[in-house]
Amino acid sequence: ALFENTPGEPLGPLVTPGTYQVELTVNGRAQRQPLTVAMDPRVDVSTNALAQQLELQKKVADLISTSFDFYHRAALVREALAVDEKKMQGQDGANLDAVKKVDADALKLVGQETGFGGGANLGKPKPTFALLNRELSQLESTVDMQDAAPTPAMITAYQDYCRDLNNVANSWNDLLKTNLPTVNDTLAKGRLAALAASPLQVQLSCE
């Protein structure tokens, strides 16, 4: 491992055995080289099982990217709110409280970028963009660790996380629709620029 130069986990799905083309493009010039991926002869697994594994890994990888994108876009909104909160210090307390209330509601959906904090939590934590991104990354690593078809538990976990991501994204859109006009009216009273935030495009298929 090289400090600040080691790819983070998960690294992504492994291709199934077969013949591929590797392409490198430099300064507009493409070079191609054939590549054959062979199965480890010590491993006894069917091609169909590996294809099923790859299919699920690709689905999970897509959700990892989507959850990260959702997190990043929502986090930018919270960063803008934090800036506005600082600018509103000393102004009408009711206006500042209104902005803080929306930021607190947003945090419940965005979540924390870092891992879990200390202390015991009873029951399953409510899903957030950050939490789902971590759980999906763990699922991708779990699926990748075996040379076999995904288990029913893995498929169920993927479907559950996918539905949770849909629900959190819809809740985020509802938050923007309900609160953004009020927040912008509040910012206008404080002579601050309106907050721009577009809704998330939620079209996730969880099958």
Heavy-atom closest contact (Leu63 atom, Tyr158 atom, distance): CD1-CE1, 3.4 Å

Atom pair OH (Tyr20) and OG1 (Thr36), whose distance is rounded to the nearest 0.5 Å: 10.0 Å

Shared hydrophobic cluster for Val77 and Val99 (ILVMFWY, side-chain gaps under 4.5 Å): yes

Interatomic spacing from OG1 in Thr66 to CG in Asn166 - rounded to 0.5 Å: 10.0 Å

Joint cluster assignment, Tyr161 & Leu204, ILVMFWY side-chain distance < 4.5 Å: yes

Nearest atoms (heavy-atom pairs only) where Gly12 meets Glu140: C-OE2, 3.6 Å

Cluster overlap Leu54 with Val143, hydrophobic side-chain contacts below 4.5 Å: no

Which atom of Ala30 lies closest to which atom of Thr25, heavy atoms considered: CB-OG1, 3.8 Å

Flag side-chain contact, heavy atom, 4.5 Å: Leu35 against Thr19: no

side-chain contact (heavy atoms from CB on, under 4.5 Å) assessment of Leu76 paired with Arg73: CA-CA 5 Å; Leu76 289 177; Arg73 292 173 58 184; 5.6 Å; no

Rounded distance [0.5 Å steps], CZ in Arg191 versus NZ in Lys87: 14.5 Å

Any Val45 side-chain heavy atom under 4.5 Å of Gln53 side chain: no

Side chain proximity check, Leu107 to Gln112, heavy atoms < 4.5 angstrom: yes

Enclosure of Glu207 CD (heavy-atom neighbours >12, cutoff 6.0 Å): no

Heavy atoms of other groups near Asp44 CG, more than 12 under 6.0 Å: no

Whether over 12 other heavy atoms sit under 6.0 Å from Gln201 CD: no

Check: Val183 and Leu81 side chains under 4.5 Å, non-hydrogen atoms: yes

Test: Asp174 and Lys177 ion pair at under 4.0 Å: no

OG1-CG distance between Thr128 and Asp164, expressed to the nearest 0.5 angstrom: 10.0 Å

N/O donor-acceptor pair under 3.5 Å between Thr178 side chain and Leu175 backbone: no

N/O donor-acceptor pair under 3.5 Å between Asn173 side chain and Leu200 backbone: yes

Heavy-atom pair with the smallest gap, counting every atom of Asn133 and Ser67: ND2-OG, 3.0 Å

SB check Asp97 Lys101 (cutoff 4.0 Å): no

Separation of Lys126 NZ from Asn167 CG (nearest 0.5 Å): 12.5 Å

Full working for salt bridge (Lys or Arg N to Asp or Glu O under 4.0 Å) between Lys100 and Asp103: CA-CA 5 Å; Lys100 287 184 176 181; Asp103 185 39; over 6 Å; no

For Pro125 against Leu131, the heavy-atom pair lying closest together: CG-CD2, 3.9 Å

same_hphob_cluster(Phe68, Trp172) at 4.5 Å side-chain heavy-atom cutoff: no

Gln21 to Pro34 - nearest heavy-atom pair and separation: OE1-N, 4.0 Å

